[in-house]
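See below for the structure under consideration.
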Amino acid sequence: MAEKTLDCLGEACPVPLVKAQKELEKMQKGDVLIVNIDHSCAMKNIPDWAREAGHNVEIDEVGEGEWDIVIEKC
Amino acid sequence: MSEEKINANKQKVDYWKILFKNEWSYVTGAVVIVVLATALVIVTGKSWGVTGILHLWGGKFLELIGVNADTWSIYNGALGKFNFWNSIPSITNVGIVLGALLSALLAASFKIKKIKSYKQVIAAILGGILMGVGARMAMGCNIGALFSGLSAFSLHGWVFFLFIFIGAMVGSSMLKKWFM
């Protein structure tokens with residue numbers, strides 16, 4: 001089970017979403033992608049897309065205005 | 001006793017979380033915007049707009065750096081008559097920025113973001129110029145032309161609606177191609 005972190009700090013919509021989609025496409029079932037974001041829109045559109053696509057999603061607030069979105073590919 | 005206490009804690013509603021921390025639903029946001037925009041029309045007699053006033057801000061800035069823009073035909077004396085505190089769109093624009101700051105502070109998610117690359121800077125400047133020029137050419141932005149236009153049953157709002165999608169598609173493919 002591979003784990004990868006994608007640094008999207010400082011990036012605005014729709015860049016984090018597109019980057020996460022591209023990265024997850026390359027990954028295998030069961031792999032985990034962690035996306036670091038500090039743009040609150042990405043906190044909505046990334047989990048919305050990932051849940052729709054059937055993956056497991058969790059959001060961690062790691063600091064003020066900073067979140068980690070953990071996506072497990074299913 | 002202790003069990004009762006636990007139950008009481010469980011039932012306590014966290015109003016801060018509901019009001020400020022968690023994102024509002026699209027429906028909640030839409031209703032609040034409609035109420036506020038309607039109130040603005042009732043109080044001031046004019047519909048909500050954002051970019052219409054920016055050409056006066058630009059002219060005022062030109063005057064500030066010594067350009068006598070007031071004689072230009074687009075202004076024709078309008079800059080001399082412009083008073084920031086009597087200009088409703090100017091006040092609501094400042095309100096948008098202050099409101100955004102307030103909501104970030106209330107949610108404890110205020111953060112000064114770092115600039116990631118020079119590409120990001122170019123994309124932001126280019127995007128700003130395109131949006132600004134586009135809004136002036138279309139005589140409004142997605143507030144003045146779309147939102148206020150649609151709510152006044154004006155056809156131009158629907159035309160704007162169609163073209164904003166085309167513009168967003170072109171813009172995102174430019175972003176994907178050159179700036180990612």
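Quick note on labels: first sequence line is chain A, next is B, and so on, each numbered from 1. Keep in mind that the numbers below use all heavy atoms, side chains included, and drop hydrogens, waters and symmetry copies.
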What parts of residues 22-40 of chain A touch chain B if we use heavy atoms and a cut-off under 4.5 Å?
-> A/D38, A/H39, A/S40
Residues of residues 58-65 of chain A with any heavy atom under 4.5 Å of a heavy atom in chain B = A/E61, A/E64, A/G65
Taking NZ, NE, NH1 and NH2 as the nitrogens, is one of them in A/E11 or B/K113 under 4.0 Å from a carboxylate oxygen of the other?
-> no
For B/K114, is it the side chain, the backbone, both, or neither that has a heavy atom closer than 4.5 Å to a heavy atom of chain A?
-> both
Are A/I69 and A/I71 close enough that some pair of their side-chain heavy atoms sits under 4.5 Å apart?
-> yes
Cation-pi between B/K60 and B/F84: NZ/CZ under 6.0 Å from ring centre and within 45° of the ring axis?
-> no
Go through the structure and list residues passing ring-ring contact (aromatic ring centres under 6.0 Å, His included) with B/W48, not counting sequence neighbours.
-> B/F147
Contacts of B/S25 meeting side chain to side chain donor-acceptor pair (under 3.5 Å) (sequence neighbours excluded), chain-then-number -> B/T28
Which atoms of A/C8 come close to chain B, meaning under 4.5 Å heavy atom to heavy atom: side chain ones, backbone ones, both, or neither?
-> backbone
Considering all heavy atoms of both residues, which atom of B/V41 and which atom of B/S47 are nearest to each other, and what is their separation?
-> CG2-CA, 3.9 Å
Might you confirm whether atom CD1 of B/I115 has over 12 heavy atoms from other residues, nucleotides or ligands at distances under 6.0 Å?
-> no
Decide yes or no for B/L56 and B/I53: does some side-chain heavy atom of the first lie under 4.5 Å from some side-chain heavy atom of the second?
-> yes
State whether the side chain of B/S87 and the backbone N or O of B/N83 hold a donor-acceptor pair below 3.5 Å, judged by distance alone.
-> no
B/W158 atom CH2, over 12 foreign heavy atoms within 6.0 Å = no
